[in-house]
Undergrad: 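Please see the structure below; I have some questions.
Chain letters run A, B, ... following the sequence lines, proteins first and then strands; every chain starts at 1. None of the values given here were measured: they were computed from a predicted structure.
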Amino acid sequence: MFLDFMSEVEALLKVALERCGCNLEDGANPLGLDISPHADLASSVAFRLAPVLKKSPAAIAAEIHKALPEERRYVDRVEVLGPYLNFFMNDRFLDKVLQEALADNAWTGRMSEKVIVEHTSANPDGPLHVGHIRNSVIGDTLVRILRRAGCTVDAQYYINDMGRQEAMVVVGCDHFQLDGSKADHAVAKVYIAANKLMESQPGIRDEADSVIARYEAGDPEIIAKIQSAVKYAIGGIEQTLQRMNISHDSYHWESEFVRRGDVEEIVGLLEKTGLTEWENGAFQLDLTSYGFEKKMVLKRANGTSLYITRDLAYHRWKAENSDRSVDILGADHKLVSGQLRTALRLLGVREPEVVIFEFVSLPTGSMSTRKGKFISADELLDEVEKQAYEEVKLRRPEESEAFLRETAAQVAAGAVRYDVVKVSADKATTFDWKQALDFEKLSAPFIQYSHARAASILRRGEGEALAADGSDIACHLLKGDYEIALLKKIAQFDLVIDRAARELKPHQLATYARELAESFNLFYRFSPVLDAEPDLRQARMGLARAAKNALRVTLDTLGIAALETM
RNA sequence: GGGCCCGUGGCUUAGCCAGGAUAUAGCACCGGGCUUCUAACCCGGGGGUCGCGGGUUCGAAUCCCGCCGGGCCCGCCA
């Protein structure tokens, strides 16, 4: 949709510039194209040409304007306003937007890469907390955006089963009893208790070391213990993710890569780079010439492998099995991720694209599973759901208990997801209950509500059937400001998805969702549908359906339920 | 000490990578709108030296340099 219009503008400008004998500078966006309040698409290219042509930008803009080709498909008029060239869409384009939105033909992009997105990958030592879910929500939203853009996506969870954390869980299970609480919470309790016990009994540390060594050596008893503990915790984590409409397509255990020999192979290949050395019995990679101060330890003095080495093997596997591979990581992993990418480069392996999100802290400081200092995702969801239940009950007292619960659950999941995804990943945040429980405009319920309003209009107007392709709609009647603005906003969907998929910035879709809902609400407020004259009513019904489709798809891509009623 | 990220109205935040036309929204505050398609909505108002200082440019919230403030990291943990 919008991308078609934009391509045409680009083509027109290129022809005009050629006719004027102008050469384009290189770089991104050489035509200076931008969505602007003054036009559907504005170009500031005249400014850039001014120093070269030694003429005023306004004169250049006028010249380019004269040289624009006359044959056009979706571009209506082009206005020169001082130095700016303002392009406007024609009716044919807006009609096309309506038809495609009605037919649900407009929502999938043309990308076709196979993408692996690794997200969440939290240690199976306890429940997800409000920091982890920033990872999960950003990751899952990117998975959905990439799929929407046309990619085939495999969402992966990398399970850390060989680390010290998991060994401590096993030690914890040896000393304490898992109680009857939700699996991941029960695991956290023994994990925290074991860490506490270690403060008074240093022997606990040796027990953990022994677990690590025996696991890597393939001791069947330890394998059984770790695998059962991991599966138990992951089961609980999955339940939490499911509450937020998040799931993974595949799981990979780091031990896979050790047992298959990949890790040994990677160590061998790195040795061939000539940058490795033995120091104090440990095998290390010297990356100082690549700007890394500290050496990267590949193997402990006792011969066991480290997280980073296993991660190298995993990333090599991901690179071999995808066109793009994306990691979602907290800011604390920045350095190690840089080392990993450098090491991969040395091995000639394609590097992952890394999305770093800054920290989520509590008003009292940063979170720690080990110290038991965190607000769990379950706790957050429970609280938000409770609040949502009250809100729904207040508005729909006549509805069944099942309806209230289901609606509250979906409103809560949406509210939590939107609250996380609306902020750009590189902003550090402090968790705030008040904000989490706010269901007003800058929130998922606002957008879900717009969708429910559209659904309500369509339900009430059910009588008249619309052709699926909208061919029976009198498009020329949809020329009010709010109607046009809504159509234009619907049209931007493909642009937003394309950019978000390229730049891996899911918050752009959150912003778009709010704008789309606002555009619909204005249409709703000022353009009555059911009370309009028959032809107009029919046309507005069509627009309401198109908007509903756009809202549904946008919400779906954000992983938020598009409720028919709320 | 070094590296990376952030700093936009009282609070939260978009825009910054690809410099352009009155700087985006929400919360809070003030005022208005439900006999009318769901008011989780809509309309209007006040409130901003875009951290500070230099520079580049016809033009800087956006690019460069310096400083200040905050976050994260600098483990034979992950």
Side-chain angles (χ1 to χ4, degrees), chain A residues 27-30 32-34 36-39 42 44 46-48 50-51 56-57 81-84 86 121-123 125 160 162-166 254 279-284 291-295 297-302 304 306-308 310-311 330-336 338 356 358-359 361 366 370 388 391-392 394-396 411 422-430 432 434-435 438-450 452-461 503 507-508 510-511 514-515 517-518 521-522 524-532 540-541 544 565-566:
Chain A
N29 198 12
L33 290 177
D34 202 5
S36 134
H38 309 278
S44 57
F47 281 111
R48 294 163 202 230
S56 78
L81 198 67
Y84 297 97
N86 290 333
S121 301
N123 290 335
D125 56 14
N160 236 289
M162 301 195 88
R164 182 165 298 280
Q165 280 78 354
E166 208 46 39
E254 50 179 352
E279 199 177 297
N280 302 328
F283 194 58
Q284 317 203 355
F292 295 98
E293 202 183 326
K294 300 280 166 73
K295 286 171 189 160
V297 178
L298 299 171
K299 228 187 220 182
R300 291 189 182 96
N302 69 10
T304 56
L306 282 116
Y307 177 83
I308 183 103
R310 302 186 290 259
D311 213 18
D332 52 339
H333 287 66
K334 230 181 278 189
L335 178 64
V336 96
I356 298 282
E358 292 293 326
F359 250 54
S361 53
S366 53
R370 184 166 45 84
E391 297 274 347
V392 182
L394 201 68
R395 291 172 169 81
R396 309 300 297 272
V411 166
K422 72 181 180 189
V423 183
S424 141
D426 42 34
K427 227 95 172 180
T429 60
T430 303
D432 178 1
K434 181 182 167 290
Q435 216 172 300
D438 183 4
F439 297 154
E440 288 183 48
K441 202 167 183 178
L442 204 57
S443 71
F446 170 77
I447 302 154
Q448 291 173 306
Y449 184 65
S450 301
R453 281 174 138 188
S456 173
I457 292 179
L458 295 171
R459 261 197 313 277
R460 285 171 182 270
E503 298 171 15
H507 77 276
Q508 294 174 349
T511 302
R514 192 206 78 228
E515 291 170 353
E518 271 171 354
N521 283 337
L522 287 173
Y524 182 93
R525 165 72 179 80
F526 294 107
S527 311
V529 177
L530 300 177
D531 289 340
R540 285 183 177 168
M541 285 281 285
T565 172
M566 63 187 281

Undergrad: Return the nearest nucleotide to the side chain of A/Asp426; candidates are B/A14, B/C6, B/C41.
TA: B/C6

Undergrad: It should be established whether A/Asn521 places a side-chain nitrogen or oxygen under 4.0 Å from OP1 or OP2 of nucleotide B/C42.
TA: yes

Undergrad: What interatomic distance, in whole Å, is found between C1' of B/G7 and the corresponding atom of B/G33?
TA: 39 Å

Undergrad: Tell me: CZ of A/Arg460 to P of B/C37, nearest whole Å?
TA: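 About 7 Å, once rounded to whole Å.
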
Undergrad: Ignoring the backbone of A/Leu306, work out which of B/C5, B/C76, B/G15 is nearest its side chain.
TA: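 The answer is B/C76, which lies nearest to the side chain.
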
Undergrad: Does the A/Asp432 side chain pair with the main chain of A/Lys434, one donor and one acceptor, at a distance under 3.5 Å?
TA: yes

Undergrad: Tell me: NZ of A/Lys422 to P of B/G15, nearest whole Å?
TA: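 Result: 14 Å.
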
Undergrad: When the distance from CG of A/Asp332 to C1' of B/C77 is rounded to whole Å, what number comes out?
TA: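 It is 12 Å, rounded to the nearest whole Å.
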
Undergrad: Quick one: is A/Arg395 getting a side-chain N or O under 4.0 Å of the B/A40 phosphate, OP1 or OP2?
TA: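 For A/Arg395, the contact criterion (side-chain N or O under 4.0 Å from OP1 or OP2 of B/A40) is met.
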
Undergrad: Starting at the 5' end of RNA chain B and moving along, which residue's nearest nucleotide shows up first, A/Ile457 or A/Ala517?
TA: A/Ile457

Undergrad: Kindly say whether A/Ala282 contributes a backbone atom to a donor-acceptor pair with the side chain of A/Asn280 at under 3.5 angstrom?
TA: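 Not a single qualifying donor-acceptor pair exists.
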
Undergrad: Classify the nucleic acid contact of A/Ser527 as base, sugar-phosphate or nothing, counting any heavy atom under 4.0 Å across all strands shown.
TA: base

Undergrad: Partner lookup for B/C50, please. Criteria are Watson-Crick or G-U wobble with both distances under 3.5 angstrom; report none if nothing qualifies.
TA: none

Undergrad: On the side chain of A/Ser36, is there an atom forming a donor-acceptor pair with the base of B/A21 - under 3.5 Å, no angle test?
TA: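 Result: at least one qualifying N/O pair found.
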
Undergrad: I need the CG-P distance between A/Asp432 and B/A28, as an integer number of Å.
TA: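 Spelled out: CG on A/Asp432 to P on B/A28 is 13 Å.
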
Undergrad: Counting any heavy atom closer than 4.0 Å, what does A/Gln284 reach on the DNA or RNA strands: base, sugar-phosphate only, or nothing?
TA: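 Nothing, no nucleic acid heavy atom in range.
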
Undergrad: Which atoms of nucleotides 23-26 of chain B (N or O only) lie under 3.5 Å from a protein N or O atom, and what are those distances?
TA:
from: B/A25; atom 1: O2'; to: A/Arg514; atom 2: NE; distance (Å): 3.3
from: B/G26; atom 1: OP1; to: A/Lys441; atom 2: NZ; distance (Å): 2.9

Undergrad: Could you let me know what B/A21 is paired to, Watson-Crick or G-U wobble, both distances under 3.5 Å, or none if it's on its own?
TA: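 WC or wobble partner does not exist here.
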
Undergrad: Do you see a donor-acceptor pair shorter than 3.5 Å between the side chains of A/Asp34 and A/Ser36?
TA: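 A/Asp34 vs A/Ser36: no donor-acceptor pair found between side chains.
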
Undergrad: Checking A/Arg540 side chain against A/Leu530 main chain: does a donor-acceptor pair fall under 3.5 Å?
TA: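 Such a contact is absent between A/Arg540 side chain and A/Leu530 backbone.
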
Undergrad: State whether A/Tyr307 places a side-chain N or O below 4.0 Å from either non-bridging phosphate oxygen (OP1 or OP2) of B/G75.
TA: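 Looking at the OP1 and OP2 atoms of B/G75, neither is under 4.0 Å from any side-chain N or O of A/Tyr307.
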
Undergrad: Nearest whole angstrom, please: distance from the P of B/C76 to the NZ of A/Lys294.
TA: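 Answer to the nearest Å: 8 Å.
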
Undergrad: Using a cut-off of strictly less than 4.0 Å, decide whether A/His38 has a side-chain nitrogen or oxygen near OP1 or OP2 of B/U22.
TA: no

Undergrad: Using a cut-off of 4.0 Å on non-hydrogen atoms, how would the nucleic acid contact of A/Asp125 be classed: base, sugar-phosphate, or nothing?
TA: nothing

Undergrad: With respect to the side chain of A/Pro528, which nucleotide from B/C37, B/C5, B/A40 is positioned closest?
TA: B/C37

Undergrad: Here's a test of your reading of the structure: between A/Pro51 and A/Phe526, which maps to the more 5' nucleotide of RNA chain B?
TA: A/Phe526

Undergrad: Please work out if A/Phe47 contacts a base, only the sugar-phosphate, or nothing of the nucleic acid, heavy-atom cut-off 4.0 Å.
TA: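 The answer is base, as A/Phe47 lies within the cut-off (heavy atoms under 4.0 Å) of a base atom.
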
Undergrad: Check the phosphate of B/G3 against A/Lys334, side-chain N and O only, distance under 4.0 Å to OP1 or OP2. Yes or no?
TA: no

Undergrad: Consider the side chain of A/Met566, meaning its heavy atoms from C-beta on, and name the nucleotide among B/A21, B/A40, B/C6 that approaches it most closely.
TA: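 Ranking B/A21, B/A40, B/C6 by closest atom to the A/Met566 side chain puts B/A40 first.
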
Undergrad: Give me the distance, rounded to whole Å, that separates B/U22 from B/G1 when you measure between the P atoms they each carry.
TA: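 Nearest-Å result for B/U22 against B/G1 at atom P: 43 Å.
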
Undergrad: NA contact type, A/Lys434, heavy-atom cut-off 4.0 Å: base, sugar-phosphate, or nothing?
TA: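 Touches sugar-phosphate only.
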
Undergrad: Would you say a side-chain N or O of A/Arg525 is under 4.0 Å from OP1 or OP2 of B/C37?
TA: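 No, no such contact exists.
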
Undergrad: When all nucleic acid strands are considered with a 4.0 Å heavy-atom cut-off, which category describes A/Ala42: base, sugar-phosphate, or nothing?
TA: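 It contacts base atoms.
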
Undergrad: Can you confirm whether the side chains of A/Ser443 and A/Arg514 place a donor and an acceptor under 3.5 Å from each other?
TA: no

Undergrad: What's the gap between B/U8 and B/A60 when it is taken at their C1' atoms, as a whole Å value?
TA: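 Nearest-Å result for B/U8 against B/A60 at atom C1': 14 Å.
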
Undergrad: Checking all strands, does A/Leu298 fall into the base, sugar-phosphate, or nothing category for heavy-atom contacts under 4.0 angstrom?
TA: nothing

Undergrad: How many whole angstroms separate atom NE2 of A/His333 from atom C1' of B/C5?
TA: 16 Å

Undergrad: More than 12 heavy atoms of other residues, nucleotides or ligands under 6.0 Å from CZ of A/Arg370: yes or no?
TA: no

Undergrad: For the side chain of A/Val297, starting at C-beta, report the closest nucleotide among B/C73, B/G15, B/C76.
TA: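 Taking heavy atoms from C-beta onward, the closest nucleotide is B/C76.
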
Undergrad: What is the distance from NZ of A/Lys427 to C1' of B/A61, rounded to the nearest Å?
TA: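 Distance check: A/Lys427 NZ to B/A61 C1' gives 11 Å.
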
Undergrad: When the distance from CG of A/Leu394 to C1' of B/A39 is rounded to whole Å, what number comes out?
TA: 12 Å

Undergrad: Take atom P in B/A18 and the same atom in B/A23, then report the distance between them in whole Å.
TA: 24 Å

Undergrad: Which part of the nucleic acid, if any, lies within reach of A/Arg310 when heavy atoms closer than 4.0 Å are counted: base, sugar-phosphate only, or nothing?
TA: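 It contacts sugar-phosphate atoms only.
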
Undergrad: Students often get this wrong, so: under 4.0 angstrom with heavy atoms, is A/Ser361 touching a base, only sugar-phosphate, or nothing?
TA: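 Result for A/Ser361 = nothing.
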
